[in-house]
Asker: 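One structure, pasted below without further comment.
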Amino acid sequence: MNRRERIQEQLQSTLSPTHLEVTDESHMHNVPAGAESHFKVVAVSESFAEHSLVVRHRLVNKALKGEFESGLHALALHTWTPQEWFEKGGVAPDSPQCMSGSKSD
Amino acid sequence: MDALERIDQEVKNNPVVIFMKGTPQFPMCGFSMRAAKALSECGVPFTHVNVLQDPEIFENLPRYADWPTFPQIYVDGELIGGCDITLELHAGGELKTLLEKAAARQETAADEG
């Protein structure tokens, strides 16, 4: 299983999301092919309703602790309730392009 | 003073501080750039720490607040999050309010000496 699939599986079981997108954006950065270093997650879950944004991100970071310890470098993270997702038109912002500041370059 | 103490001082002594890659003028990472830009747009002065210039802080910041990525933005001694949260708060107008409150509290504290 590659990192994208592992992230998908971990978040699926932790968050019970109604919508989950995991995208490998490593190619947008100055890292070797197949680096699996930069990812974007859009997670929509009713369970977020009781949590602030910072707590929601902590939940995701905690679920992915093993990935961070094994080479996951950057995570663009969009964590919404179904209502918030609807209000945003179901679209998450694009992640920024690389500016070569990664120490793992 | 060890790195965690130095980080703690930056966080406690500044109403708004961003730990970022590069500087607001010369950002070295797209996430850091966007977060610093959002802070700038609020018109409240903020402090930055360039983690690329300080290997000790670079190594230790993730465990300071148990947050694995850069940038990290602290307001009033508290981690508000990274780039995505800062942008989301900015889009909703809450970021400016947060920063203005933090700056005002800092001034009051200074007056009381």
Asker: Quick check on A:Asp94: does its CG atom have over 12 non-hydrogen neighbours (other residues, nucleotides or ligands) under 6.0 Å away?
Answerer: no

Asker: Verify the neighbour count for atom CD of B:Glu94: are there more than 12 heavy atoms of other residues, nucleotides or ligands below 6.0 Å?
Answerer: yes

Asker: Do the side chains of B:Phe46 and B:Ile57 join up, straight or via other hydrophobic residues, at under 4.5 Å, putting them in one cluster?
Answerer: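 In one cluster: yes.
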
Asker: If hydrophobic clusters are built by linking Ile, Leu, Val, Met, Phe, Trp and Tyr wherever their side-chain heavy atoms come under 4.5 Å apart, do B:Leu87 and B:Met33 end up in the same one?
Answerer: no

Asker: Are A:Glu84 and B:Glu88 packed together at the side-chain level, in the sense that at least one heavy-atom pair is separated by less than 4.5 angstrom?
Answerer: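 Not touching, per the 4.5 Å side-chain cut-off.
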
Asker: What do you reckon, is CD of A:Gln12 surrounded by more than 12 foreign heavy atoms closer than 6.0 Å?
Answerer: yes

Asker: To the closest 0.5 Å, what do you measure between CZ (B:Phe31) and NE2 (A:His38)?
Answerer: 6.5 Å

Asker: Taking A:Arg56, A:His78, A:Arg58 one by one, which has the highest count of heavy-atom pairs under 4.5 Å against chain B?
Answerer: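 Ranked by contacts with chain B, first place is A:Arg58.
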
Asker: Please round to the nearest 0.5 Å and tell me the distance separating atom CG of B:Asp84 and atom OG of A:Ser95.
Answerer: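 OG of A:Ser95 is found 7.0 Å from CG of B:Asp84.
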
Asker: Where on B:Leu79 is there a heavy atom nearer than 4.5 Å to chain A: the side chain, the backbone, both, or neither?
Answerer: both

Asker: Side-chain heavy atoms nearer than 4.5 Å, only ILVMFWY residues, links allowed to pass through others: does that put B:Val11 and B:Leu4 together?
Answerer: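 Linked within one cluster.
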
Asker: Considering all heavy atoms of both residues, which atom of A:Leu75 and which atom of B:Thr69 are nearest to each other, and what is their separation?
Answerer: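 Scanning both residues completely, I find the closest heavy atoms to be N-CG2, 4.4 Å.
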
Asker: Would you mind reporting whether B:Ile85 and A:Val54 have side-chain heavy atoms less than 4.5 Å apart?
Answerer: yes

Asker: Work out which heavy atom in A:Asn61 is nearest to a heavy atom in B:Pro68; give both atom names and the distance.
Answerer: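 Taking every non-hydrogen atom into account, ND2-CD, 3.4 Å.
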
Asker: Counting only heavy atoms closer than 4.5 Å, note whether A:Lys62 contacts chain B via side chain, backbone, both or neither.
Answerer: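 Neither part; nothing is under 4.5 Å.
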
Asker: With hydrophobic residues grouped by side-chain heavy-atom distances under 4.5 Å, do A:Leu59 and A:Val44 end up in a single group?
Answerer: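 No, A:Leu59 does not connect to A:Val44 through the hydrophobic network.
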
Asker: Checking heavy atoms, do the side chain of B:Pro62, its backbone, both or neither come under 4.5 Å from chain A?
Answerer: neither

